[in-house]
Amino acid sequence: MGHMKRGSRDDEDIVRSMIQAENDVINHRISWFSTVQGLIFATLGFVWEKSGNKDLITLICVLGLVISFLTLMLLLSANMAQNRLLRWWKQNKPADYTGPGVFGMQLPDKWLNTYLRVRLLFAWWNLFPVVFAVAWIIVLL
């Protein structure tokens with residue numbers, strides 16, 4: 001998008017749809033992640049009481065950790081794509097534009113970068129895999 005001309009009215013719809021596509025990606029990744037983590041925890045519960053399964057339990061925990069890390073990277077990439085789109089729109093929207101914007105929360109320009117950084121670090125969907133990773137570490141120890 002960096003090579004595009006100054007924003008036009010059509011760009012509003014394009015940017016909004018691209019942000020929505022990233023929201024859909026985040027939703028799919030969280031759904032997939034939740035399902036897989038549930039299955040892995042169920043497997044852990046099944047083998048937990050059986051003797052001689054220490055290596056299998058370790059493997060299950062490592063698998064849960066790896067999936068948590070990979071999901072976090074995927075979620076961060078979707079958030080960074082949204083952030084890039086929001087910055088592009090702020091820089092390239094038509095000077096006379098008075099429409100609703102492309103993202104729900106509209107902040108003054110001076111707060112945008114701070115908001116995007118905080119959102120990237122503390123959005124619940126980004127913290128979700130971190131919480132599961134901590135749980136897997138606790139189980140592993």
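Computed over heavy atoms, backbone and side chain alike; hydrogens, waters and symmetry mates excluded. Just so you know, residue 1 is the first one in the sequence shown, and it goes up from there. Keep in mind it's a predicted model, so treat the numbers as computed, not measured.
Counting all heavy atoms, side chain and backbone alike, Cys61 lies closest to Val139 at SG-CG1, 3.5 Å. The nearest pair of heavy atoms linking Leu65 to Ala133 is CD2-O, 3.4 Å. Across all their heavy atoms, Arg29 and Leu74 have their closest contact at NH1-O, 2.6 Å.
Hydrophobic clustering (side-chain heavy atoms under 4.5 Å, transitive across Ile, Leu, Val, Met, Phe, Trp, Tyr) keeps Val131 apart from Ile26. By the rule that hydrophobic residues join a cluster once side-chain heavy atoms approach within less than 4.5 Å of another member, Ile30 and Ile40 end up as members of one cluster. If you chain together hydrophobic residues whose side chains sit under 4.5 Å apart, Leu141 and Val134 never meet in one group. Connection of Met80 to Met73 is established within a shared hydrophobic cluster, with ILVMFWY side chains joined at heavy-atom distances below 4.5 Å, either directly or through further cluster members. Hydrophobic cluster membership is shared by Ile19 and Tyr97, with clusters built from Ile, Leu, Val, Met, Phe, Trp and Tyr side chains linked at under 4.5 angstrom.
Enclosure of atom CZ in Phe69 is not indicated, since only 12 or fewer non-hydrogen atoms of other residues, nucleotides or ligands lie within 6.0 angstrom.
How far CZ of Arg87 is from CD of Gln82: 12.0 Å, rounded to the nearest 0.5 Å. Here the CG-OG1 distance, from Leu63 to Thr58, works out to 12.5 Å after rounding to the nearest 0.5 Å. Once rounded to the nearest 0.5 Å, the distance linking CH2 of Trp32 with CD1 of Ile67 reads 5.5 Å. For the atom pair Leu85 CG and Glu22 CD, the distance stands at 7.0 Å (nearest 0.5 Å).
Annotation: side chain of Leu44 is in contact with side chain of Trp136 (closest heavy-atom distance under 4.5 Å). In this structure, Asn23 and Trp125 have side chains that are not in contact, with every pair of non-hydrogen atoms separated by 4.5 Å or more. Within the 4.5 Å cutoff, the side chain of Lys90 has no heavy atoms near those of the Leu86 side chain. Between Lys93 and Asp11, the closest side-chain pair of non-hydrogen atoms is not below 4.5 Å.
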**Message:** One pair to check against side chain to side chain contact (heavy atoms under 4.5 Å, CB included): Arg16 and Trp89. What are the steps and the verdict?
**Reply:** CA-CA 9 Å; Arg16 188 178 290 122; Trp89 176 248; over 6 Å; no
**Message:** Apply side chain to side chain contact (heavy atoms under 4.5 Å, CB included) to residues Asn83 and Arg117 and explain how you reach the verdict.
**Reply:** CA-CA 9 Å; Asn83 289 356; Arg117 280 189 208 103; over 6 Å; no
**Request:** Under the side chain to side chain contact (heavy atoms under 4.5 Å, CB included) rule, what do Leu72 and Phe132 come out as? Steps first, then yes or no, please.
**Result:** CA-CA 10 Å; Leu72 177 61; Phe132 270 90; over 6 Å; no
**Request:** Please test Trp48 against Ile60 for side chain to side chain contact (heavy atoms under 4.5 Å, CB included), starting from the C-alpha separation and ending with a verdict.
**Result:** CA-CA 11 Å; Trp48 188 263; Ile60 291 168; over 6 Å; no
**Prompt:** Yes or no on side-chain hydrogen bond (donor to acceptor under 3.5 Å, both in side chains) for Asn79 and Asn126, after CA distance, side-chain angles and deciding distance?
**Reply:** CA-CA 9 Å; Asn79 283 146; Asn126 292 340; 2.6 Å; yes
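Ring geometry, Phe128 versus Phe33: the interplanar angle exceeds 60°, so the pair is classed perpendicular (tilted spans 30 to 60°).
A distance-only check finds no donor-acceptor pair linking the side chain of Thr71 to the backbone of Ser68 [under 3.5 Å].
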